[in-house]
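Order of the sequence lines sets the chain letters (A, B, ...), proteins ahead of strands, with each chain counted from 1.
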Amino acid sequence: MTISFLPKQFPIHAFQEALVSWFKLEQRDLPWRKDQDPYKVWVSEIMLQQTKVDTVIPYFYRFLDKFPTPESLANADEQEVLKAWEGLGYYSRARNLQSAVKEVMENYGGKVPNNPKELGNLKGVGPYTKGAILSIAFGQPEPAVDGNVMRVFSRIFKVEEDIAKPKTRKIHEDLVRSVISKEDPSAFNQGLMELGALICKPRNPDCLLCPVQEYCMAYEQGLEDILPIKTKAKSQRVEPYAALLIKNERNEVLVQKRPEKGLLANLYEFPMASLKDLDLTTIPNWFYGEYGLHIDIIQKETVVKHVFSHLTWELDAYSATVQSGKLDVGPATFCSLKDLELLPFPVSHQKLLPFVKTLLT
DNA sequence: AATTCGTGGGT
DNA sequence: TACCCAAGAAT
């Protein structure tokens, strides 16, 4: 059964005009809005996935300064790309972006594809990003449905489907297709998102300032605080670890590269022992088995609690020294204080760097 | 379809 | 404090 949420008498053109003219007047001056270079639009859209504008801005400047063209990004070392992404989170975005840019270099002559099929096949480019690039960079009337659009449309058209459910996105894509401005798809799509960010906020929306208030069913019926419907995520688990800050006789600290898949893939960290399986007395023996080094634990330096989307790390950081043995693990290596600055660390381990500096100084 | 994947700011 | 939330994609 197909449900159309678009009222038969909905004044499409007046709605478009109200939204687009508001956006052109009130839009924020953002660095990725200076031109419509598809590469810059692409980079910005990847960075903006699940990430606030204010957080992205400095990363966007630094990233474009370092990798101004698809070619420069394609030819860069992955570690350098991850270093530029350090602290931004969702690091597979960076690795997928570089992978996709390499494909653009090889298969599309360095030109970002301007059609849904080729664009959607690029790594890290899903339905939203595909539509955003097509509409913003190429002016095509394609939907770009993100969380803002689903919230805004849930209110305007009184859509009561759970926006946390994957299938709900299709409802809103159909709605966008039925009302998008063919004259200015870019301003229309961006206008919806800008409206969601500035006016039609998740909580306490500023309906009195809204340029499309007269078209909003939720406002008309006093439902703006009820919609959208969104079920809440389940609670997260807690994982306790001992993080080991191990110094050798050459005043270097042991670091290791994380696996190439999964959480914080290919980033660096200090070795961690799960306190679910081990305790302070069994860690040295475990460590010798894993790394081939006898260590002496000195003392607890700090405790770090780090919250991810789906789990929490509780890191008890211990200083330690190498007693004897020979390191025999590939991804692990001793690293000088100076060279640490070249390695990409997740924020969880950046919190430990001040203590490492003290240890090595 | 449900989980996994980061982080910082708002309330 | 403890949630909630953000211009999602991959699996």
Side-chain angles (χ1 to χ4, degrees), chain A residues 23 27-28 30-33 40-60 82 85-97 99-100 119-133 135-137 143-152 162-170 172-173 176 186 189-198 200-205 228 230-238 258-267 269 304-313 344-351:
Chain A
F23 174 72
Q27 64 170 301
R28 291 167 290 181
L30 300 173
W32 45 88
R33 288 177 175 167
K40 294 183 197 168
V41 172
W42 184 7
V43 170
S44 73
E45 291 302 338
I46 299 298
M47 285 187 169
L48 285 163
Q49 289 171 6
Q50 298 292 284
T51 310
K52 290 278 209 286
V53 163
D54 287 345
T55 301
V56 166
I57 289 173
Y59 282 91
F60 181 80
L82 286 174
W85 211 269
E86 182 184 59
L88 197 53
Y90 289 140
Y91 298 94
S92 66
R93 291 184 297 174
R95 300 195 303 131
N96 287 337
L97 175 60
S99 170
L119 214 40
N121 281 333
L122 296 173
K123 280 182 191 166
V125 178
Y128 163 75
T129 303
K130 175 176 62 180
I133 294 172
S135 60
I136 298 172
V145 174
D146 70 335
N148 286 309
V149 174
M150 288 198 284
R151 179 173 62 260
V152 169
D162 183 357
I163 65 171
K165 297 253 189 274
K167 57 185 297 188
T168 303
R169 197 195 76 244
K170 287 189 171 295
H172 292 280
E173 283 181 346
V176 170
S186 172
N189 279 344
Q190 292 191 79
L192 284 180
M193 295 187 277
E194 197 81 341
L195 189 68
L198 300 181
C200 195
K201 300 172 293 181
R203 281 167 299 194
N204 307 320
K230 185 178 184 182
T231 57
K232 32 189 175 239
K234 67 167 190 178
S235 61
Q236 55 180 21
R237 64 182 184 276
V238 177
R258 289 181 58 84
E260 63 181 38
K261 296 213 174 277
L263 184 66
L264 306 174
N266 283 5
L267 271 69
E269 67 180 358
V304 163
K305 178 174 179 174
H306 190 78
V307 180
F308 296 97
S309 304
H310 57 299
L311 66 91
T312 296
W313 277 358
F345 283 93
V347 170
S348 55
H349 285 246
Q350 287 176 31
K351 294 172 181 172

Q) More 5' along DNA chain C: Trp32(A) or Leu122(A), using each one's nearest nucleotide? A) Trp32(A)
Please give, in whole Å, the distance from [N] [atom2] to [X] [atom1]?
X         : N       : atom1 : atom2 : answer
Met47(A)  : dA9(C)  : CE    : P     : 16 Å
Arg93(A)  : dA10(C) : CZ    : P     : 12 Å
Lys170(A) : dA1(B)  : NZ    : C1'   : 14 Å
Lys201(A) : dG10(B) : NZ    : C1'   : 10 Å
Ile46(A)  : dG6(B)  : CD1   : C1'   : 15 Å
Leu263(A) : dT4(B)  : CG    : C1'   : 9 Å
Arg237(A) : dG6(B)  : CZ    : P     : 13 Å
Tyr90(A)  : dT4(B)  : OH    : C1'   : 8 Å

Q: Taking atom NZ of Lys305(A) as the centre, report whether more than 12 heavy atoms of other residues, nucleotides or ligands fall under 6.0 Å from it.
A: no
Q) Under 6.0 Å between the ring centres of Phe60(A) and Trp32(A)? A) yes
Closest to the [X] side chain: [options]?
X         : options                 : value
Arg203(A) : dG8(C), dC4(C), dA10(C) : dC4(C)
Tyr91(A)  : dG8(C), dT4(B), dG6(B)  : dG6(B)
Val347(A) : dT7(B), dA2(B), dC5(B)  : dT7(B)
Thr129(A) : dG6(B), dA9(C), dA6(C)  : dA9(C)
Pro166(A) : dA2(B), dG6(B), dT4(B)  : dA2(B)

Sticking with atom [atom1], work out how far [N] lies from [M], rounded to a whole angstrom.
N      : M       : atom1 : value
dT3(B) : dC4(C)  : P     : 16 Å
dG6(B) : dT11(C) : P     : 13 Å
dC5(B) : dA2(C)  : P     : 24 Å

Base, sugar-phosphate alone, or nothing: which one does [X] contact when heavy atoms must sit under 4.0 Å apart?
X         : answer
Arg95(A)  : nothing
Arg33(A)  : base
Val56(A)  : nothing
Trp313(A) : nothing
Lys230(A) : sugar-phosphate
Leu264(A) : sugar-phosphate
Gly196(A) : nothing
Leu192(A) : nothing

Q. Between His310(A) and dC5(B), is there a side-chain N or O to OP1/OP2 distance below 4.0 Å?
A.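 The answer is yes; a side-chain N or O of His310(A) sits under 4.0 Å from OP1 or OP2.
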Q.
Using OP1 and OP2 only, check whether a side-chain N or O of His306(A) sits under 4.0 Å from dT7(B).
A. yes
Q. Would you call the rings of Phe308(A) and His310(A) parallel, tilted or perpendicular, where under 30° means parallel and over 60° means perpendicular?
A.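 The rings of Phe308(A) and His310(A) sit tilted, inter-plane angle from 30° to 60°.
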Q.
Can you tell me whether the side chain of Thr51(A) and the base of dG6(B) have a donor-acceptor pair closer than 3.5 Å?
A. yes
Q.
Using a distance-only criterion (donor-acceptor N/O pair, under 3.5 Å, no hydrogens), is the base of dG8(C) paired with the side chain of Tyr128(A)?
A. no
Q) If you find the nucleotide of DNA chain B closest to Lys167(A) and the one closest to Gln350(A), which residue's nucleotide is nearer the 5' end? A)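 Upstream on the strand: Lys167(A).
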(Q) Assuming nearest nucleotide by heavy-atom distance, tell me which of Lys261(A) and Asn204(A) is located more 5' along DNA chain B. (A)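 Mapping each residue to its closest nucleotide by heavy atoms, the 5'-most match is Lys261(A).
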Q) Where is the tightest heavy-atom contact between Ala94(A) and Leu82(A), given as atom of each residue plus distance? A) CB-CD2, 4.3 Å
**Q.** Tyr90(A) side chain to Ser309(A) side chain, donor-acceptor N/O pair below 3.5 angstrom
**A.** yes
Q) If you measure from CE on Met150(A) to CD on Glu173(A), what distance do you get to the nearest 0.5 Å? A) 9.5 Å
Q.
Whether Glu45(A) and Arg93(A) form a salt bridge (side-chain N of Lys/Arg under 4.0 Å from carboxylate O of Asp/Glu) is what I want to check.
A. no
